[in-house]
Amino acid sequence: MRATDGPTTPLSMKPVARAFFARPVVEVARDLLGCVLVHETRDGRTSGMIVEAEAYIGEDDPACHAAPGPTDRNEPLYGEPGMAYVYFIYGVHWCFNAVTREEGSPSAVLVRALEPLDGLPLMQRRRPGIASDVGLTNGPGKLCKALGITGDLNRKPLQRKPLVVREGDRVSDKDVEVTPRIGITKSADWPLRYIVRANKYVSRGKVSA
DNA sequence: TCGAAGATTGTCT
DNA sequence: GACAATCTTCGAG
């Protein structure tokens, strides 16, 4: 299945090329599954395999931040594909996106969940009280906190440190599941959420008790 | 200048 | 299952 049969480490994987992001956003979202997000800070390195991603399709998508047209906030969406778009939400959480480009349309992929690989102790330090590794990164706000991602990384290229997306093992089509997006009110039924089937690190949106 | 909404999460009932 | 926390952004007046 994944990188369990070799000495593969995130550092031995090469960063994904900028051209990877200069494609239709739905293709990028699907292909990001299995890739590895690596963040290096002075505290150490944390990384995780992307197991859940959502596509936001430019100005024609009511749920996309670009829907109202260009503003100060969504300006990164109109910039170079392959950049980070990090924004603060609900006054509490950071969310990480990768900027893509679909025929000139400002679009992005929201990374919603990771399977932790490197720096587990550091992630746990950043998220005190979380005993299980599953709970560290199974949500967009959670993974940003675990990896130490903040607005400082907004508009930073994802091809070089400190924040890098590296090539991982490609997830086969039969292991990819497509569902409606989570946590939004506009065009919420559009099937633009891509997840690794049966992966326990995938978020569940509104968690039911 | 003011008010409302938001791509979430954790806690309480 | 329901709701509060907390703040940035944007549209309206």
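It should be emphasised that the depicted structure is a prediction, and the values quoted were computed from it without experimental measurement. Naming: A, B, ... by sequence-line order, numbering from 1 per chain.
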Open item on the list: One character per nucleotide, please: for nucleotides 5-12 of chain C, 5' to 3', B when the base has a protein heavy atom closer than 4.0 Å, S when only the sugar-phosphate does, - otherwise.
Closed with: BBBSSSS-
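Scanning all heavy atoms of the two residues, the minimum distance from A:Ser187 to A:Pro62 falls at OG-CD, 3.6 Å.
The side chain of A:Lys142 places an N or O atom within less than 4.0 Å of a non-bridging phosphate oxygen (OP1 or OP2) of B:dG10. For the pair A:Arg193 and B:dA7, the criterion of a side-chain N or O lying under 4.0 Å from OP1 or OP2 is not met. Applying the 4.0 Å criterion to OP1 and OP2 of B:dG6, one finds that A:Thr185 has a side-chain N or O inside that range.
When the P atom is compared between C:dC3 and B:dA5, the two are found 16 Å apart, to the nearest whole Å.
Between A:Asn138 atom CG and B:dT8 atom C1' there is a gap of 12 Å when expressed in whole angstrom units.
Grouping the Ile, Leu, Val, Met, Phe, Trp and Tyr side chains by contacts below 4.5 angstrom, directly or via other members, places A:Met83 apart from A:Phe20.
Between A:Phe88 and A:Trp94, the ring-plane angle classifies as tilted under the 30° and 60° cut-offs.
Between A:Asp31 and A:Arg170 there is a salt bridge, with a side-chain nitrogen of the basic residue lying less than 4.0 Å from a carboxylate oxygen of the acidic one.
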- [ ] Using a 3.5 Å limit on both pairing distances, list the dot-bracket string of DNA chain B from the 5' end; Watson-Crick and G-U wobble pairs count, crossing pairs take [ ], interstrand pairs take |.
- [x] ||||||.|||||.
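Atom CG of A:Asp60 sits in a sparse spot, with 12 or fewer heavy atoms from other residues, nucleotides or ligands closer than 6.0 Å.
Side chain to side chain, A:Tyr201 and A:Asp133 meet the donor-acceptor criterion of an N or O pair below 3.5 Å.
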